[in-house]
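Every value quoted in this text rests on a predicted model; they were computed, and no experiment measured them.
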Protein chains: 2
Amino acid sequence: MEKADQIIHAKWIITCEDRNRVLENHALVIKDGKILAILPSKNTAELYQAASEQHFSTHTIIPGLINSHTHIAMNLFRGLADDLELMDWLNNHIWPAEGKWVSHDLVYDGSLLAMAEMLRGGITCFNDMYFFLDATAEAAERAGMRAHIGLTVIDVPTAWAKTPDEYFAKGLEFYQRYKNHPRITPTMAPHSTYTVSIENLIKVKELADQHQLKINIHLQEAPSEVEQSIKLYQKRPLQRIQEIGMVTDKLIAVHMTQINADDFALLEQSKASIVHCPESNMKLVSGSCPVEQLLQRGINVALGTDGAASNNDLDMFGEMRSAAFLGKMTANDPKAVSAETVLKMATINGAKALGIDHLTGSLVPGKAADFIALDLEQIETQPLYHPVSQVVYAASRHQVTDVWVAGQQLLKERQLVNVDEGEIIAKAKEWRDKIQQKEAVIS
Amino acid sequence: MEKADQIIHAKWIITCEDRNRVLENHALVIKDGKILAILPSKNTAELYQAASEQHFSTHTIIPGLINSHTHIAMNLFRGLADDLELMDWLNNHIWPAEGKWVSHDLVYDGSLLAMAEMLRGGITCFNDMYFFLDATAEAAERAGMRAHIGLTVIDVPTAWAKTPDEYFAKGLEFYQRYKNHPRITPTMAPHSTYTVSIENLIKVKELADQHQLKINIHLQEAPSEVEQSIKLYQKRPLQRIQEIGMVTDKLIAVHMTQINADDFALLEQSKASIVHCPESNMKLVSGSCPVEQLLQRGINVALGTDGAASNNDLDMFGEMRSAAFLGKMTANDPKAVSAETVLKMATINGAKALGIDHLTGSLVPGKAADFIALDLEQIETQPLYHPVSQVVYAASRHQVTDVWVAGQQLLKERQLVNVDEGEIIAKAKEWRDKIQQKEAVIS
C-alpha cells in the first residue's frame, strides 16, 4: 500500500495527452501536488491509502484550462463601452479610464475579480500582460492560481512607467522578485511592433535570451497593422521581429489573423506558438486566424480570452466553442477544428506555448495536479453520447464544480476557497462608482 | 387602490420596446396574466394591492426570450455526432437514428427535455418544426410554455407520415385540435424547396391563406442549395416561392445566408421575416446571414438556436453573443449588430416574426406577462456599467433565476415548477442507452 494525499474518483477523466484518452470510472491519485497515478477506481483500494477521497460520479475531470492571453485587471472596465470602432473605443473610453484609474490597488482588485471569474470557470493558469505586475502577482499568490506575468514594455507613458527605461527597470525588479516562485513565472511582454521601437524590441530579445524567458507580443492582429508596417518599414511585423532574432520557440505571437505564405513558413520553422483569441477578433472585427492551416503544419496554437474590457468575459468554455465555430468557417470545412482539437488548444497547447508542458496541461503521472471537475448530469448536457463533445459544444463554465492547482483545491462545490466572493463584488462596485462617468450610464 | 395578482420589483427592467428603455428600481404589476402597469417601485404601494409581491434587488428583468427556429425533440440526439460534413452527418448519423427511433414517446420526452433547458435559459416561447406534433404540444401544455408548432411537410417518408398527403392530413388534424389554444399556435412548416415539390408548396400556401397561418421554411441556408436550384429550375429558391405567392408578411425564412440584390428587394417589399441561426450556420459552415444589411433595410430579423443535434444547445444567450460577433464580422464593422440590436432580435423581433408582437416580446402594459429575471450580481457580471451590455456580452443563461409565462411562474429560484428535472434526466439516459450504437461511444 502506497501512501498518497488524495484520491479523486470520477465518472470520466479526459487526459488531453497527444493521443487523448477518455477513461471511465477511473481515479486520480495525488501526492505532493502531483499526479501519482491514474487507474480504474476499483483498483485504488488495494494499491493506495490516502487521507482524503472524493467521488465525482456524474462529472468529467479534465486538465485545468489555460488562458494563454489576457489583461486580467481590465475586468474592472468590463462593459464600460462596446460596439465601437477600435480607435474610438481606445481613445475615448479605455485609455482615458486607464489613464485616470490604473494603480496598484486597481490592478490588485481587478486581478482578484478576474481570478475569481477564472477559477469559477475552470481556468487554473493564465498568461497576463498589463501594468503593476506586483499587484497581479500578489493577487495570484492569494488566489493560488498559476500565473505567467508579462514584463510589459510600451513606448507610451502610463501610470505604471513613464519611459521605456522605467518599464525595463520595473520589469526586471519584478523578475528578480518572482524568478524562483513555484507558481508565478515572469515573461517578456513587448506590447506590439507599432508601439515599441525596434531598439527596445532588441533589448527585450536580449533580456529574454539572458533569462530564458518567453516573449509575448500582439502580432498581425488586424489588416491595418500589417499595412501600416509595410508602409513605414516595407516589412510585415513578423518579418521585422524575425530580423532581430525574435521568432524562435520562445515567441508567443498573439492574434495572428493575417498570415501569408512566408509567415506560415517562418512560423513552422521557428516552432513559435500562436495564441488565438477568437471572440476578441470577432467582436473587434480584427480578422480570422487560420487555425486549421496552422495546426496542419504542426504549429502550436493555444487559446486566450483577451481582456474582459473588449470581450467581455474570461470564459474559456465560450472561447472553445467560438474557436470551433470560427475555425470551421475560416477553413470552410465543418470537420476542421474539432471538439478534441479546441480542448487541446485550451489545455496542453497552452502549456506548450507557455513552456510548461513538462509540468501541466494534460493528466499524466508526474505532472502537477492541475485539474477541474465538471458536472455533466444537468439538463443542458443530457443525454450524453461523447464526453468531449459535451464539454466543448454543450457545457457551460457554470457546470465546473471543483478546481485544483498543484493539488490544492481552490474551488469546492462552486465556492471559492481562498477568496471571498462578497468582498470581491463589493470592491468591483466601489470601482464602478468611481469610474463611471457623471453622465447617465443607463442607456 | 387597484387590485392586482402580483407585483414584481427589480433593480432594472429592460423593456425592449422600439425605443428601448432601461428602468431602474421599477416594478411590473401583473393581473390576469398580463402586464397592468410598469412604474417606480416606490409608487406601487399607494396605487396597487397584490396577493403576491417579489423583490429582485440584484436582477434585471427582460422580456422572455423567443427561440424563433428549432427542432426541439432532437435534444435527444445532442452530441450524437459532430464535426462532420452535413451530408455525412445526416446520411450516416442523424437520419438513421431518426428513422429508427422517432416516435410519439421520443418526441414527448425530447420536447420536455428541451423545454426544461429552454426555461432554465430564459426562453418562454419557441417556434418548432418536427414530427409527432401532438407530443410536442402535450409537453408544452405540461411545461406551460408558449409554443408555435409547425405542420411539417416533406416529400420524404418518416415514422410520422409516409406521403405528403399524410403530412397534410395529420397536420390539419393537429391544426383543428389546437387552433384555439391560448398558448399553442399551429403554423405551416414546409421543410425546404429542395425537399418539397412545387405542387405541395402551393398547397401549403393555400392552407396558410385559408387559416391565416405563418409559413416557416428553411431557405437559402447554404450556397449549394442555391446552386442546385439554379441548375434544376434556373431560379433561386426565394424566387421559386415568390412565384407561387409565398413571399409575404406571413413568411418566416429561416437561415438566409445567401442573399443577392434581388433577394434584398423582395424581402424588403414583402415584409417577410428572417430567422438567423448563427451558431448552426457557423458549425455547419453554411454561410453568414447579412444581418446588419437586412436590419438597415427595415427587414425583421429574429434569432433561433436551430436543433440541439447540430448546435448543440438551446441557449439564446450564447446565440445572442454569436449573432453580435458574426454580425460584426459579416458587416466588417464593430459598430454593427449591437448588444441592444441582438437583444431585440431575441425578443420583440421574434414576436414580430411569429405574428404575436401585439401579445408579447416587449414589456408594455397590456401585453402578456412573459418575462425573466436575471441575477447580475455575480462575479461574471461585475462591475456593471450598462445592463444591456452585461446581459448580452457577459451574462450566462445560468444567471436566469425566475421565468414567467402569461403571469405563471415556471422557474422559481432556478427550480422548474411544472416538471421534474430528475425524471427528465432519467428519461434522457434511457433514450441514450437505447440509441447509442453498440460500438464504444467513448472516443
Side-chain angles (χ1 to χ4, degrees), chain A residues 12 22 24 76 78-80 82-86 113 116-117 120 279 282-285 288 308 311-313 315 318 321-322 324-326 328-329 332-335 338-339 377 379-380 382-390 393-394 396-398 421 424-425 428-429 431-432 435-436 441-443, chain B residues 22 24 76 78-80 82-86 113 116-117 120-121 279 282-285 288 308 311-313 315 318 321-322 324-326 328-329 332-335 338-339 377 379-380 382-390 393-394 396-398 421 424-425 428-429 431-432 435-436 441-443:
Chain A
W12 296 281
V22 179
E24 202 168 346
L76 285 173
R78 185 207 308 273
L80 186 61
D82 294 298
D83 303 321
L84 297 172
E85 294 281 1
L86 180 63
L113 171 65
E117 180 179 354
R120 282 164 54 95
E279 296 194 353
M282 288 195 276
K283 185 152 179 263
L284 298 170
V285 189
S288 306
N311 190 17
N312 297 355
D313 58 34
D315 179 359
R321 197 141 47 221
S322 293
F325 292 160
L326 182 61
K328 291 171 193 300
M329 274 184 75
N332 195 30
D333 179 0
K335 302 188 300 305
S338 69
E377 196 154 307
I379 291 282
E380 290 74 13
Q382 287 294 322
L384 190 151
Y385 296 97
H386 302 278
V388 173
S389 165
Q390 222 71 337
Y393 290 129
S396 133
R397 59 173 165 172
H398 288 256
E421 269 183 39
I424 289 171
I425 289 174
K429 287 180 161 187
W431 283 107
R432 189 267 324 268
I435 292 167
Q436 81 185 350
V441 294
I442 307 297
S443 66
Chain B
V22 180
E24 203 167 345
L76 285 173
R78 186 209 306 274
L80 186 61
D82 295 298
D83 302 322
L84 297 172
E85 294 281 359
L86 179 64
L113 172 64
E117 180 180 355
R120 281 164 55 94
E279 295 193 354
M282 287 194 277
K283 185 151 179 265
L284 299 170
V285 190
S288 306
N311 190 17
N312 297 355
D313 58 34
D315 179 0
R321 197 141 45 221
S322 293
F325 292 159
L326 182 60
K328 291 171 192 300
M329 273 184 75
N332 195 30
D333 179 2
K335 301 187 302 305
S338 69
E377 196 154 307
I379 291 283
E380 290 74 13
Q382 287 293 323
L384 190 151
Y385 296 98
H386 300 279
V388 172
S389 165
Q390 222 70 337
Y393 290 129
S396 135
R397 59 173 166 173
H398 288 257
E421 270 183 39
I424 289 172
I425 290 175
K429 288 179 162 188
W431 282 108
R432 189 267 325 267
I435 292 167
Q436 78 185 353
V441 295
I442 306 296
S443 66

May I ask you to decide if Ala339(A)'s main-chain N or O and Asp83(B)'s side chain share a donor-acceptor pair within less than 3.5 Å?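 Confirmed, Asp83(B) side chain pairs with Ala339(A) backbone.
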Heavy-atom side-chain contact between Asp82(A) and His386(B) under 4.5 Å: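 The answer is no; the side chains never approach within 4.5 Å.
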Which heavy atom of [X] sits nearest a heavy atom of [Y], and at what distance?
X: Tyr385(A); Y: Trp431(B); result: OH-O, 4.5 Å
X: Ala428(A); Y: Pro383(B); result: O-CB, 3.6 Å
X: Gly79(B); Y: Ser389(A); result: CA-OG, 3.7 Å

Is it the backbone or the side chain of Asn332(A) that comes under 4.5 Å from a heavy atom of chain B, or both, or neither? both
If you count heavy-atom pairs under 4.5 Å between each of [options] and chain B, which one has the most?
options: Ile424(A), Asn311(A), Asn312(A); answer: Asn312(A)
options: Leu284(A), Asp315(A), Leu113(A); answer: Leu113(A)
options: Leu84(A), Val285(A), Leu76(A); answer: Val285(A)
options: Lys283(A), Glu377(A), Gln390(A); answer: Lys283(A)

Output the option from [options] having the highest count of non-hydrogen pairs under 4.5 Å with chain A.
options: Lys328(B), Arg78(B), Met329(B), Glu421(B); value: Arg78(B)
options: Ile425(B), Leu326(B), Asp313(B); value: Ile425(B)
options: Arg120(B), Lys429(B), Arg397(B); value: Arg120(B)
options: Gln382(B), Glu117(B), Arg321(B); value: Gln382(B)

Look up atom CZ in Phe325(B) and atom CD in Glu279(A), then write down how far apart they are to the nearest 0.5 Å. 4.0 Å
Mind checking the CE-OG spacing from Met282(A) to Ser322(B)? Nearest 0.5 Å is all I need.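 Separation between the atoms: 6.5 Å.
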Salt bridge (Lys or Arg N to Asp or Glu O under 4.0 Å) involving Lys335(A) - partner list, sequence neighbours excluded: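 Per chain and number, Lys335(A) pairs via salt bridge (Lys or Arg N to Asp or Glu O under 4.0 Å) with Asp333(A), Glu85(B).
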Tell me every residue that passes side chain to side chain donor-acceptor pair (under 3.5 Å) with Ser338(A), counting only those two or more places apart in sequence or in another chain.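 Residues passing side chain to side chain donor-acceptor pair (under 3.5 Å) with Ser338(A): Thr341(A).
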